[in-house]
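Here the structure comes first, spelled out in structure tokens, and everything after it is commentary.
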Amino acid sequence: MKKTVLVSGGAGYIGSHVTVELLQAGYEVVVADNMSNCDSTCFEGVRKITGRDDLKLNIVDFCDKARVEELFSEYKMDALIHFAAFKAVGESVADPLKYYGNNLESFVNVIGAAHRHGLHNILFSSSATVYGQVEDLPVTEKTPRLPATSPYGNTKQICEDILRDCTSAYKDIKGIALRYFNPIGAHPSALIGELPRGVPNNLVPFITQTAVGKRECLSIFGNDYPTPDGTCLRDYIDIVDLAKAHVAAVSRMLDGKMEADYEIFNVGTGRPVSVQELVDTFEKVNGLKLNCKIAPRRDGDVTAIWADTALAGEKLGWKATRELSDTLKSAWEWEKHIAGK
Ligand code: WQD
């Protein structure tokens, strides 16, 4: 009997890539999303990639307790992956109540429903942002979390603590938090990818939108950091590699392989890449020249962060495999696809 996984926020960038990998790994998937931050492009792409025209998109706002209860009464599910959250750092600073309200209430609701309906395995979409501005790099899962640098990051820290405390109090619940570094790229089919609403906050969609002519010029936020080329260092993880890490984590839970009630894993490549290096690689592999300029530093940016990925390798049997060049090619193919080119 196939195991069923609920993917909340399943129509979004990461949720859609994870749904593809779960289906292709033999799981059944319940896709639920309130469509507040995406349209149905990626969901339709998931159906095409997997050939699952029967896959249903359940419209669910996870802040709506009654609707969440309905969903859990309609489907018997064995695990859930919670993506449904707002994720724009800058917006969270401008409107913290929107972030604390949505990101915390939705998670409390979904854990409560899981507990009431005998769903024992919860995977939380966390973020490297929970580490804050760390000095000692690369970060391991034992690196202490510093005070969050934004309300968005704080909601990730608080949700990790909610999951930790629930797995400790409710013996039937097990939890894993995956701390993503910087997810980038798109599925090789170019049928799903990142579709930011409005002006992209993140580097790679801004690059691809500049390349396709949707944005005038890419601003590189600061080249006076204490790094080899003066630009910030990040750990850019390919979205398909990231999605496969979720399948490995769900399997660990469902196959009873967990060694504690609550586990945390870094999901990165372990390879720091600078903004300038990423821009140069994008230009080289796609044979184009980007219009870009050096701009002042962006508030809240950390100089550098990248992952120690040993634990995910050892316990999940997972590691990132895709080359940055292939990832940046996939990002460009996706941008051209949505631009109809
Ligand atoms: C990366 C680097 C920028 C845009 C955030 C969240 C994280 C995750 C990913 C949400 C930085 C530089 C960017 C631009 C630039 N979650 N940059 N010009 O800030 O590392 O992480 O997004 O999606 O939790 O914290 O990602 O892509 O915004 O920035 O120079 O137009 O690119 O200064 O050094 P970040 P990012």
Side-chain angles (χ1 to χ4, degrees), residues 9 12-15 17 37-38 83-93 99 103 124-134 137 139 145-146 148-157 159-160 177-185 193-211 214-239 242 266-269 272-282 290-307 324 327-328 331:
Y13 173 43
I14 303 176
H17 285 82
N37 202 20
C38 63
F83 293 110
F86 296 144
K87 57 156 221 166
V89 174
E91 184 189 40
S92 78
V93 175
Y99 275 68
N103 292 8
F124 173 63
S125 161
S126 191
S127 164
T129 201
V130 302
Y131 291 111
Q133 171 98 315
V134 282
L137 294 165
V139 289
R145 297 178 320 184
L146 297 178
T149 51
S150 70
Y152 157 78
N154 204 21
T155 65
K156 291 299 184 183
Q157 288 187 352
C159 285
E160 285 192 353
L178 294 184
R179 289 175 178 169
Y180 315 150
F181 284 70
N182 287 60
I184 61 169
E194 198 164 2
L195 254 183
R197 289 219 155 140
V199 179
N201 296 299
N202 297 133
L203 178 62
V204 171
F206 206 107
I207 286 176
T208 56
Q209 288 190 12
T210 303
K214 213 170 159 184
R215 303 290 160 207
E216 179 57 37
C217 174
L218 168 75
S219 295
I220 294 179
F221 296 139
N223 68 346
D224 57 351
Y225 284 94
T227 62
D229 65 15
T231 63
C232 292
L233 293 168
R234 292 290 184 278
D235 185 332
Y236 295 98
I237 169 99
D238 179 274
I239 187 69
L242 177 67
N266 284 340
V267 184
T269 65
V273 171
S274 77
V275 176
Q276 191 60 60
E277 280 172 79
L278 195 137
V279 168
D280 296 345
T281 306
F282 181 85
L290 269 179
N291 183 21
C292 61
K293 67 182 181 190
I294 301 298
R297 294 182 176 192
R298 179 174 70 174
D299 287 349
D301 274 335
V302 298
T303 303
I305 186 164
W306 69 92
L324 179 63
T327 303
L328 293 175

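Order of appearance sets the numbers: ligands from 1, and atoms from 1 within every ligand.
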One finds that the ligand 1 atoms under 4.0 Å from a non-hydrogen atom of S127 are 7 (C), 24 (O)

Here's a test for you: under side chain to side chain contact (heavy atoms under 4.5 Å, CB included), which of D224, T303, N223 qualifies with R297? D224

Where the side chain of N37 meets the backbone of F86, is there a donor-acceptor pair that is under 3.5 Å apart? no

Atom 29 (O) of ligand 1 [closest protein heavy-atom partner, distance rounded to 0.1 Å]: R298 NH2, 3.3 Å

Could you tell me, atom by atom, which parts of ligand 1 come under 4.0 Å of a heavy atom of C232? 34 (O)

Any idea which atoms of ligand 1 are less than 4.0 Å away from a heavy-atom of V89? 6 (C), 25 (O)

Which residue and atom name correspond to the protein heavy atom nearest atom 18 (N) of ligand 1, and how close is it? S219 O, 2.8 Å

Heavy-atom distances under 4.0 Å decide this one: backbone, side chain, both or neither, for T231 against ligand 1? neither

Proximity of R234 to ligand 1 by residue part, where a heavy atom lies under 4.0 Å: side chain

Of the side chain and backbone of K87, name the one, both, or neither that has a heavy atom under 4.0 Å from an atom of ligand 1. both

Within the structure, does L203 bring an N/O atom to less than 3.5 angstrom of an N/O atom in ligand 1? yes

Determine whether the side chain, the backbone, both or neither of D301 has a heavy atom under 4.0 Å from any heavy atom of ligand 1. side chain

If we number the atoms of ligand 1 from 1 as shown, the ones under 4.0 Å from a heavy atom of Y236 are 1 (C), 2 (C)

Just jot down the ligand 1 atoms closer than 4.0 angstrom to any heavy atom of N182, in number order. 20 (O), 21 (O), 26 (O), 35 (P)

Does Y152 approach ligand 1 within less than 4.0 angstrom via side chain, backbone, both or neither, non-hydrogen atoms only? side chain

Please list the nearest protein heavy atom to atom 5 (C) of ligand 1 with its residue and the distance rounded to 0.1 Å. N202 ND2, 3.9 Å

Side chains of E91 and Y99: do they bring a donor and an acceptor to under 3.5 Å? yes

Within 4.0 Å of some non-hydrogen atom of V275, the atoms of ligand 1 are 2 (C), 12 (C), 30 (O), 32 (O), 34 (O)

Counting only N and O atoms by type, is there a donor-acceptor contact under 3.5 Å from the side chain of N291 to the main-chain atoms of E216? yes

Would you call T231 and F221 a side-chain contact if the rule is heavy atoms closer than 4.5 Å? no

Heavy atoms only, cut-off 4.0 Å: how does A295 contact ligand 1, side chain, backbone, both, or neither? neither

So does D238 get a backbone contact from the side chain of T327, meaning a donor-acceptor N/O pair under 3.5 Å? no

In this structure, atom 14 (C) of ligand 1 is nearest to the protein heavy atom F221 CE1, 3.4 Å

Within a distance under 4.0 Å of any heavy atom of I220, pick out the atoms of ligand 1 and give their elements. 30 (O)

With W306 as reference, evaluate N182, L137, T269 under the side chain to side chain contact (heavy atoms under 4.5 Å, CB included) test and give the passing residue. L137

Any side-chain heavy atom of T208 sitting closer than 4.5 Å to one from K214? no

Sub-3.5 Å donor-acceptor pair from the side chain of D235 to the main-chain atoms of A307, do we have one? yes

Hey, is the main chain of G132 close enough, under 3.5 Å, to the side chain of R145 for a donor-acceptor pair? no

Kindly say whether L146 contributes a backbone atom to a donor-acceptor pair with the side chain of Q157 at under 3.5 angstrom? yes

